[in-house]
Amino acid sequence: MSKHKIIYDTDPGIDDAIAFVFQARHPDIELVGITSVFGNSDIGTTTTNALYLASRFAPHVPVVRGAAAPLRRPAPAPIAHIHGNDALGDIERIGRVERHVDGRDAHRFIIDTVRAHPGEITLLAVGPMTNLALALKDDPHIAGLVREVVVMGGAFGFNGALGNVTPAAEANMHADPDAADIVFGAPWKVSIVGLDVTHETVMTTAFLASLRDRAGDAGRFVWDVSRFYERFHADDGMSRGIYAHDYSAAAFVVARAFYTTRSGPVRVLTEGIAAGLTIQKPSSMLASAPDWDTRPSCDVCIGVDVRAVLDLFAETLIGP
Ligand code: BDR
Ligand code: CA
């Protein structure tokens, strides 16, 4: 089987970093680029973090700076209480960062790379969808040339999932709902890995400690970077552990059989108190719904084999 060629569109971010280590280590993944976006922090910080992650775990992968703000609203404030002041859990950083960003804008890099590898690129988007929307705006034809778009975002009411930044909205959708609605409406294959499954997928303290002890540098990094995140989750009412949000989307790329999905077009509310709310019209629903019916179907994750997804992470980091 040929490898999954991934452009990782990300706002690192602690769980983004954990997902990055997985991709850097998985034998069936070829990272072809990392595009940064505002989100968990400002664009300067998320880009610095992407450079650090690439230097430490994937030295030859280009890093490209992306959007500093949503399409139609001001940039949000960094969420330091979740990801730390540096958005990587305020850990001590090992090694020097000798990397520089690629000179292009992220959306231009996405267009160039997709055109250079027609039918081969998976866009794995785990932050606000702004870079993808800008790429579509500049070159709508890339939609027909991308292999697949896999998104971490949204909440569809399965397993009791509501929003996590408002009662209606998940963070990546809330950060740029206009961009998300554009991405879900474009004629490309989209799969959405939302809170319905990521809130089920908990890396416990014991699981993380086992990686620390058995998975070398990668395991120690995952442990170190998750300490801050775990304290936030504890404050938020979780007993011990962290949600594997962004890793879940990476796992979906290589192991979609671990997930069950529902098909149908998805809209994102862009205004009002429910901005960022994701609503799917299931393909089994017969009622006419013109705001959905003109749009392509997306696959939304509604169930997950948690054990298999966590085992995949451990096996990938620990190795044979
Ligand atoms: C998403 O929001 C961000 O804070 C995380 O990195 C993840 O992508 C979860 O709602
Ligand atoms: Ca993220």
Side-chain angles (χ1 to χ4, degrees), residues 6-23 34-43 45-50 53 66-67 70 75-89 106 123-132 149-156 158-159 161-177 179-180 183 191-203 222 225-226 228-233 235-236 238 241-253 268 275-278 300-301 304:
I6 292 179
I7 296 178
Y8 186 43
D9 190 67
T10 176
D11 59 335
I14 292 171
D15 61 318
D16 306 69
I18 292 171
F20 180 80
V21 171
F22 169 78
Q23 293 170 76
I34 306 159
T35 50
S36 63
V37 65
F38 76 93
N40 289 324
S41 192
D42 58 79
I43 189 63
T45 302
T46 59
T47 306
T48 298
N49 291 347
L53 293 169
I79 44 176
H81 67 292
I82 301 178
H83 294 271
N85 287 323
D86 70 354
L88 278 187
L123 300 177
L124 174 57
V126 300
M129 306 289 124
T130 320
N131 291 335
L132 274 61
V149 180
V150 177
V151 165
M152 189 281 131
F156 296 85
F158 290 90
N159 302 312
L162 304 171
N164 60 356
V165 289
T166 76
E170 181 279 329
N172 292 337
M173 301 292 103
H174 190 256
D176 195 348
V183 168
S191 298
I192 303 174
V193 184
L195 301 180
D196 313 74
V197 290
T198 68
H199 275 174
E200 300 296 295
T201 310
V202 174
M203 292 181 173
V222 168
V225 82
S226 59
F228 194 100
Y229 207 41
E230 192 170 318
R231 282 195 291 278
F232 159 73
H233 283 75
D235 294 346
D236 206 33
M238 193 197 281
I242 61 170
Y243 293 128
H245 292 301
D246 292 346
Y247 161 62
S248 295
F252 182 89
V253 173
V268 184
L277 176 68
T278 47
V300 168
C301 289
V304 54

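We count ligands from 1, going down the list as the structure has it; atoms in each ligand are counted the same way.
The proximity of Thr198 to ligand 1, defined as any non-hydrogen pair under 4.0 Å, does not occur for either the backbone or the side chain. Neither the backbone nor the side chain of Ile82 comes within 4.0 Å of ligand 1, counting heavy atoms alone.
Take the N/O/S atoms of Asp16: the one nearest the Ca ion (ligand 2) is OD2. Closest approach between the Ca ion (ligand 2) and any N/O/S atom of Asp246 involves OD2.
Of all protein heavy atoms, the one closest to atom 8 (O) of ligand 1 is Asp246 OD1, 2.6 Å. Nearest protein neighbour of atom 3 (C) of ligand 1, counting heavy atoms only, is Asn40 OD1, 3.2 Å.
Taking each heavy atom of Asn49 and Ala87 in turn, the nearest pair found is ND2-CB, 3.6 Å. Nearest approach of Ile43 to Ser36, heavy atoms of both residues: CD1-OG, 3.5 Å. When all heavy atoms of Ser226 and Val222 are compared, the closest pair comes out as OG-O, 2.7 Å. Scanning both residues, Ser248 and Val193, for their nearest heavy atoms gives CB-CG1, 3.8 Å. In this structure, Leu277 and Ala169 approach most closely via the heavy-atom pair N-CB, 4.2 Å.
Taking only nitrogen or oxygen atoms, main chain and side chain alike, Asp15 reaches within less than 3.5 Å of ligand 1. Residue His245 has no nitrogen or oxygen atom sitting less than 3.5 Å from a nitrogen or oxygen atom of ligand 1, judged on distance alone. For ligand 1, the polar-atom distance check finds an N/O of His83 within less than 3.5 Å of one of the ligand's N/O atoms. The shortest N or O to N or O distance between Val126 and ligand 1 is below 3.5 Å.
With respect to Gln23, the side-chain contact (heavy atoms from CB on, under 4.5 Å) criterion is satisfied by exactly one of Ile34, Leu124, Thr10: Leu124. The one candidate from Asp15, Ile14, Ile18 that meets the side-chain contact (heavy atoms from CB on, under 4.5 Å) condition with Ile242 is Ile18.
Taking CG of Asp196 as the start and OG1 of Thr201 as the end, the distance is 10.5 Å to the nearest 0.5 Å. How far CG of Asp86 is from CZ of Phe228: 8.5 Å, rounded to the nearest 0.5 Å.
A donor and an acceptor atom, one from each side chain of Asp9 and Thr35, are located under 3.5 Å apart.
Within the listing of ligand 1, atoms 2 (O), 10 (O) sit less than 4.0 angstrom from a heavy atom of Ala171. Atom numbering of ligand 1 starts at 1 in the shown order; those under 4.0 Å from a heavy atom of Glu170 are 1 (C), 2 (O), 9 (C), 10 (O). In the vicinity of Met152, heavy-atom distances shorter than 4.0 Å reach the ligand 1 atoms 1 (C), 7 (C), 8 (O), 9 (C). Each of the following atoms of ligand 1 lies closer than 4.0 Å to a heavy atom of Asn164: 9 (C), 10 (O). Within the listing of ligand 1, atoms 6 (O) sit less than 4.0 angstrom from a heavy atom of Asp16.
Not one N, O or S atom of Gly39 sits under 3.0 Å from the Ca ion (ligand 2).
The aromatic rings of Tyr243 and His245 sit tilted, their planes meeting at an angle between 30° and 60°.
Take the Ca ion (ligand 2) as the corner point: the lines to O of Val126 and to OD1 of Asp11 open at 90°, to the nearest 10 degrees.
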